[in-house]
Number of protein chains: 2
Amino acid sequence: MTDTTKAGGDAGRAAARPGTAKSAPTIYDIAVLAGVNPSTVSRALSKPGRVSAKTAQKITDAAQELNYQVNVFARALPTGRTQTVGLIVSDITNPAYFEVIRGAETAASGRDYTLMLAESAESAELELTAARRMLATVDGLILASPRLSDEEIGLLASKKPVVVINRSVAGVASVVADTEVGVTDAVRHLAAMGHTAISYVAGPERSWMSQRRWESIKARCDWHGMQATVVASLPPTVDGGRRAAAGVRAGAATAVFCYNDLMAIGLMRELQSAGLTIPEELSILGFDNIFGSDFTTPPLSTIKSPLHELGVSAFRRVLDAVDQVDAGQEPPAPPTELVLRGSTGRAKGA
Amino acid sequence: MTDTTKAGGDAGRAAARPGTAKSAPTIYDIAVLAGVNPSTVSRALSKPGRVSAKTAQKITDAAQELNYQVNVFARALPTGRTQTVGLIVSDITNPAYFEVIRGAETAASGRDYTLMLAESAESAELELTAARRMLATVDGLILASPRLSDEEIGLLASKKPVVVINRSVAGVASVVADTEVGVTDAVRHLAAMGHTAISYVAGPERSWMSQRRWESIKARCDWHGMQATVVASLPPTVDGGRRAAAGVRAGAATAVFCYNDLMAIGLMRELQSAGLTIPEELSILGFDNIFGSDFTTPPLSTIKSPLHELGVSAFRRVLDAVDQVDAGQEPPAPPTELVLRGSTGRAKGA
DNA sequence: AATTGATTGGCAACCGGTTGACAAAGGGAA
DNA sequence: TTCCCTTTGTCAACCGGTTGCCAATCAATT
């Protein structure tokens, strides 16, 4: 390889389209222009301090002039690093993920990383497929509310840095919102409004967060001497909420927490179309404060999740793991917050 | 390279984490196991028909046994192909993209492609950055309602296959919903309800689709002898819709089309909180039929877009371009459809 | 001025596939 | 049986970076 003339496989990236004649500049081109060895170019560009300031300057100038861009594949081949992190959400149509995605994406762009997004459509199987596929090409993975088993997540985490959002898995980094704050305020509020029996419409069995929310609600209700029961476990969708209506009416509770806003909206609409008035006959609360939760009549009271922070924080922790920096202690869980709107009111008959 | 012992850079992908000892199997491992040359393995795995059925079988068996997975970077280096396509949406928090994303993702998974998603947060600059970044690593790009100029899009398209959704750019493949059907039905309906003056709250100036919708509305109104005017051009968000309220009230129209549902919802809520009753005093129509458009009171009447089809179709066309198959004639534009709900009614005083 | 130690740059061997050119092997026709 | 045409497998040169090792360079110390 003494001369730098290109021969052989001409299927290079830039030559792919008819319009573009020359292929993209390489470090070899820069080396020629700057009068140094390619390896020096490589070092100047990716190992700050390894070459003298003078040579580095010459090289960056040359790179600039040629409008050089690293070939990420060539870099990834020996190093395995791609400057990409994956994010898998359980359902892309759930507005709760909006801000998680945005948070992660913003954090990623800021550090010159690319975010790769996939969804599992609430299926553990699809989730695993997506995770496996991504694992080969990303530096780290974020799983938002995964439906996978702990073992599967542990297995993924043994191969690349993994951070889970709103779930706790032994040995795997996680970012979880602190439900306590919001729930405490919510239950206190309900108690003050005369409610004494509360029910909870749970999300999927596999949802760790659904469990977590229930535990939190149960604990606070006990504290206030209120009765609390789970009425159903259903898909975390508007339709899932609808299907909880019968169970809710059968119970004696005057206030209902739903696992998330989607379910709360579904439940409310179903009950209303059956003739119930909200909140006079029943108070309803959701979780997350998603887009659209204030469109309903009455607007939904909910416990807001710090979705954006969760995304940002998850990305940061992936990066820490990738860069092998010890993050020190776990960062504090960002708090939830009670948002009172129109779907909660005084208990019927209180 | 007569022996296959690994030396040198040990930073390979699988060795990145402490837990995993051996690095991933390569075609060289398969070659040894199957007793053939590595290049034969390569051909057997990616050039069907190039090797005899018997050898192919031996090789696939060996690959199976080793649980082999191609190294996408190694493949991408000489070929430039990554089995990945990019999708850039103008705003990830706009529910209208839900189904576009899902459609593209489903189509991609089905063809064993990976979808890479990014958003531009309604900024042409961010969009260009994202597009440039993606361009290096994807086989093709889908731009949904891009805010970029025609020239910039053309430039991108000169490097890799590009398909735009809901926009038309000379020389660039595009997938556009047929607005005519829905608009025709909607205007006919309004005419039948006694409306004679209509206004349009436009989206961003750069939005080709906003123009398109307006032209369509204008044409149909002319046909019915109705008056039609544009009252404002605002961001395509709930807040943008809110800000249109004053302009709408100042006009004489008894029915308003908004560029999309987000704006329609914002407008409706703003007007309602100012004391107007919908649809008695004003009829409102949106476009797209997004998640949440039926949560409002009254539920929004809208012109539904074939969002899922747009995503699927865009992906297909990218793949056609990548594979150089001539798609023949342009596929027909998927139609829109009028969805009548509660926000439209008889014209005031009619 | 000679010796020593720290910087800096170059060489070459990788990473793991792909592919053009070519030779060997196999099959059919003459 | 011989010759020719396919089919099939091998060789080797890539794709474009990264990095361990070593030699050359340069400054500082004695």
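Please read these numbers as outputs of a predicted model, since none were measured by experiment. Hydrogens, waters and symmetry mates play no part in the numbers below; they use all other heavy atoms, side chains included. Order of the sequence lines fixes the chain letters, A, B, ..., with proteins taken first and strands second; residue numbering starts at 1 for each chain.
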**Study point:** Nearest-angstrom distance from the residue atom CG of A/Asn71 to C1' of D/dC14
**Key:** 14 Å

Check your understanding: Is there a donor and acceptor pair, one atom on the side chain of A/Arg43 and one on the base of D/dG17, closer than 3.5 Å?
Key -> no

Practice item. Using heavy atoms to find the nearest nucleotide of DNA chain C for B/Val41 and A/Asn37 separately, return the residue whose nucleotide is more 5′. Key: A/Asn37

Exercise for review: Please check if the distance between the ring centroids of B/Phe98 and A/Phe98 is under 6.0 Å.
Suggested key: yes

Exercise for review: Ignoring backbone atoms, test whether B/Arg75 places a side-chain nitrogen or oxygen under 4.0 Å from the OP1 or OP2 oxygen of C/dT18.
Suggested key: yes

Review point. To the nearest Å, how far apart are B/Gln69 CD and C/dG17 P?
Key: 11 Å

Exercise for review: Answer yes or no: does a side-chain N or O of B/Ser42 lie under 4.0 Å from OP1 or OP2 of C/dT18?
Suggested key: yes

**Study point:** Short side-chain N/O contact to C/dC15 OP1/OP2 from A/Thr79, under 4.0 Å
**Key:** no

Review point. Less than 3.5 Å between a donor and an acceptor, one on the side chain of B/Ser39 and one on the base of D/dC11, is that the case here?
Key: yes

Exercise for review: Would you mind telling me which of D/dG17, D/dT18, C/dG17 lies closest to the side-chain atoms of B/Ala74?
Suggested key: C/dG17

Exercise for review: Return the value, rounded to whole Å, for the distance between atom CD1 of B/Ile27 and atom P of C/dC15.
Suggested key: 12 Å

Point to revise | Under 4.0 angstrom between B/Lys47 side-chain N/O and C/dT18 OP1 or OP2 | key: no

**Study point:** Donor-acceptor pair (no angle test) under 3.5 Å: B/Arg50 side chain, D/dG9 base
**Key:** yes

Practice item. Give the angle between the helix axes at the two ends of the helix from C/dA1-D/dT30 to C/dA30-D/dT1, taking five base pairs at each end and rounding to 10°. Key: 40°

Review point. Got more than 12 heavy atoms from elsewhere within 6.0 Å of CZ, B/Arg81?
Key: yes

Point to revise | Donor-acceptor contact present, side-chain A/Thr129 to main-chain A/Glu125, <3.5 Å | key: yes

Revision key, fill the gap. A/Leu77 has its side chain closest, among D/dT18, C/dT8, C/dG16, to C/dG16

Check your understanding: Is the shortest side-chain N/O distance from A/Ser52 to OP1 or OP2 of C/dG9 below 4.0 Å?
Key -> yes

Practice item. Look at the side chain of A/Val51 and decide which nucleotide, out of C/dT18, C/dC15, C/dG9, has an atom nearest to it. Key: C/dG9

Check your understanding: Which heavy-atom pair separates B/Pro25 from B/Leu66 by the least distance, and what is that distance?
Key -> CG-O, 3.4 Å

**Study point:** Protein-nucleotide distance (A/Gln57, atom CD; C/dG9, atom P), rounded to Å
**Key:** 13 Å

Point to revise | N or O in side chain of B/Tyr28 less than 4.0 angstrom from C/dT18 OP1/OP2 | key: no

Practice item. Could you tell me whether a side-chain N or O of A/Arg111 sits under 3.5 Å from a main-chain N or O of A/Ser109, the two making a donor and an acceptor? Key: no

Check your understanding: Within the distance-only criterion (no hydrogens, no angle test), does the side chain of A/Ser46 pair as donor or acceptor with the backbone N or O of A/Arg43 below 3.5 angstrom?
Key -> no

Check your understanding: Is the phosphate of D/dG16, meaning OP1 or OP2, less than 4.0 Å from a side-chain N or O of A/Tyr68?
Key -> no

Review point. So, A/Gln83 side chain and A/Asp112 main chain: donor-acceptor pair closer than 3.5 Å or not?
Key: yes

Practice item. Examine D/dT10: is either OP1 or OP2 under 4.0 Å from a nitrogen or oxygen in the side chain of B/Thr40? Give yes or no. Key: yes

Exercise for review: Applying salt bridge (Lys or Arg N to Asp or Glu O under 4.0 Å) between B/Arg147 and each of B/Glu122, B/Glu152, B/Glu127, report the one that passes.
Suggested key: B/Glu122

Study note, to complete from the structure: Whole-Å distance, A/Asp29 CG to D/dC15 C1', equals 13 Å

